[in-house]
Amino acid sequence: MFISKKLTLGFVSFITAISLSACSGNGEEAGPAENAEKNTSTEESNEHSGGHSGMDHSGSGEAPEGLKEAENPKYEVGSKAIITHGHMEGMEGAEATIVGAYDTAVYTISYTPTTGGDRVENHKWVVHQEIADAGEEPFAEGDEVRVNASHMEGMEGATAEIDSVEEMTVYMVDFTTTDGEEVKNHMWVTENELSPAE
């Protein structure tokens with residue numbers, strides 16, 4: 001009698017477990033492994049759409065030749081500012097130290113990396129002095145150019161299309177990402193991507 005009760009309880013538990021596992025596949029919450037997979041694919045799609053997943057966080061520390069220092073920048077060299085628009089993970093909301101301020105033409109560009117892979121759309125930012133054979137006048141939207149900057153793997157030497165052009169002050173900054181990575185000489189942040197530090 002005792003054994004049959006144990007068998008009955010075991011059978012009922014088995015049926016209950018099967019029923020519950022069958023329910024979880026029909027619109028219920030996904031398990032941890034499924035959630036991790038979804039999060040990874042979301043992060044990857046965000047990186048591809050932003051076009052900054054391969055960004056080199058630290059620059060050479062030297063502004064391109066011919067770049068003119070800003071005479072009266074809103075954020076002076078040595079001052080602090082908050083980054084309000086980040087180009088890479090952990091950048092938005094970070095406190096930045098202004099390392100350089102320059103007046104120039106600033107571009108967003110789209111290009112296919114020289115290393116292969118997906119086309120990068122609307123990369124922010126490349127300055128006029130980082131374009132091969134740049135003259136005095138800024139390039140126009142739609143112009144095809146060759147990039148001399150190496151902000152990302154496969155960028156230097158790539159043929160790019162100018163998506164937008166603005167003349168403004170741009171900044172080279174040092175900052176620590178929100179997850180603790182120290183970034184030196186990041187090129188570039190525009191004036192409207194910064195706000196005064198409290």
Side-chain angles (χ1 to χ4, degrees), residues 30 32-67 83-94 96 99-100 102 104-135 138-168 170-190 192-194:
E34 290 171 321
N35 280 333
E37 190 174 310
K38 284 179 186 175
N39 289 342
T40 302
S41 62
T42 302
E43 284 166 15
E44 285 171 358
S45 66
N46 286 344
E47 286 177 352
H48 287 306
S49 63
H52 293 82
S53 60
M55 182 167 274
D56 181 4
H57 286 208
S58 293
S60 65
E62 295 179 15
E65 197 173 314
L67 195 56
I83 302 171
T84 57
H85 295 81
H87 309 150
M88 63 182 77
E89 193 175 336
M91 188 174 181
E92 188 171 336
V99 179
Y102 308 92
T104 187
V106 185
Y107 305 101
T108 58
I109 59 169
S110 294
Y111 67 97
T112 300
T114 58
T115 51
D118 295 339
R119 183 172 172 81
V120 176
E121 301 286 344
N122 297 305
H123 172 83
K124 296 180 179 178
W125 302 96
V126 173
V127 299
H128 188 68
Q129 291 75 12
E130 293 174 318
I131 303 290
D133 304 318
F139 292 99
E141 285 182 28
D143 283 353
E144 194 172 273
V145 298
R146 190 166 53 82
V147 184
N148 281 342
S150 55
H151 304 171
M152 297 174 62
E153 189 179 344
M155 174 183 271
E156 190 166 10
T159 299
E161 183 178 335
I162 303 289
D163 296 316
S164 71
V165 55
E166 292 182 71
E167 294 196 51
M168 64 172 85
V170 293
Y171 298 89
M172 185 191 296
V173 296
D174 290 347
F175 65 96
T176 301
T177 64
T178 53
D179 57 0
E181 183 181 352
E182 202 170 305
V183 179
K184 295 285 186 188
N185 305 316
H186 175 77
M187 302 181 196
W188 303 98
V189 179
T190 59
N192 58 8
E193 293 174 327
L194 296 170

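What's counted below: heavy atoms across the whole structure, side chains too, no hydrogens, waters or symmetry copies.
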On a heavy-atom basis, which atom in [X] and which in [Y] lie closest, and how many Å separate them?
X      : Y      : value
Phe175 : Ala94  : CD1-CB, 4.0 Å
Tyr111 : Ala158 : CD1-CB, 3.7 Å
Asn148 : Ala132 : ND2-CA, 3.5 Å
Gly117 : Thr112 : O-CG2, 4.0 Å
Pro64  : Trp188 : CD-CZ2, 3.7 Å
Glu92  : Thr178 : O-CG2, 3.8 Å

[X]: which residues meet the side chain to side chain donor-acceptor pair (under 3.5 Å) condition with it, sequence neighbours left out?
X      : result
Thr190 : Asn192, Glu193
Asp133 : none
Thr115 : none

Atom pair [atom1] ([X]) and [atom2] ([Y]), whose distance is rounded to the nearest 0.5 Å:
X      : Y      : atom1 : atom2 : result
Ile131 : Ile109 : CD1   : CD1   : 6.0 Å
Asn122 : Asp163 : CG    : CG    : 4.5 Å
Ile83  : Thr177 : CD1   : OG1   : 10.0 Å
Glu130 : Glu65  : CD    : CD    : 13.0 Å
Met187 : Glu62  : CE    : CD    : 8.0 Å

Could you label the plane-to-plane angle of the [X] and [Y] rings as parallel, tilted or perpendicular, counting under 30° as parallel and over 60° as perpendicular?
X      : Y      : value
His87  : His186 : tilted
His128 : Tyr107 : tilted
His151 : His123 : tilted

Quiz item: Are Val189 and Met91 close enough, and set up right, to give a side-chain contact (heavy atoms from CB on, under 4.5 Å), and what steps lead you there?
Solution: CA-CA 11 Å; Val189 179; Met91 188 174 181; 3.7 Å; yes
With heavy-atom distances below 4.5 Å as the criterion, would you say the side chains of [X] and [Y] are in contact?
X      : Y      : answer
Glu121 : Ser110 : yes
Glu161 : Arg119 : yes
Leu194 : Thr84  : no
Val145 : Thr159 : no
Asp174 : Asn185 : yes

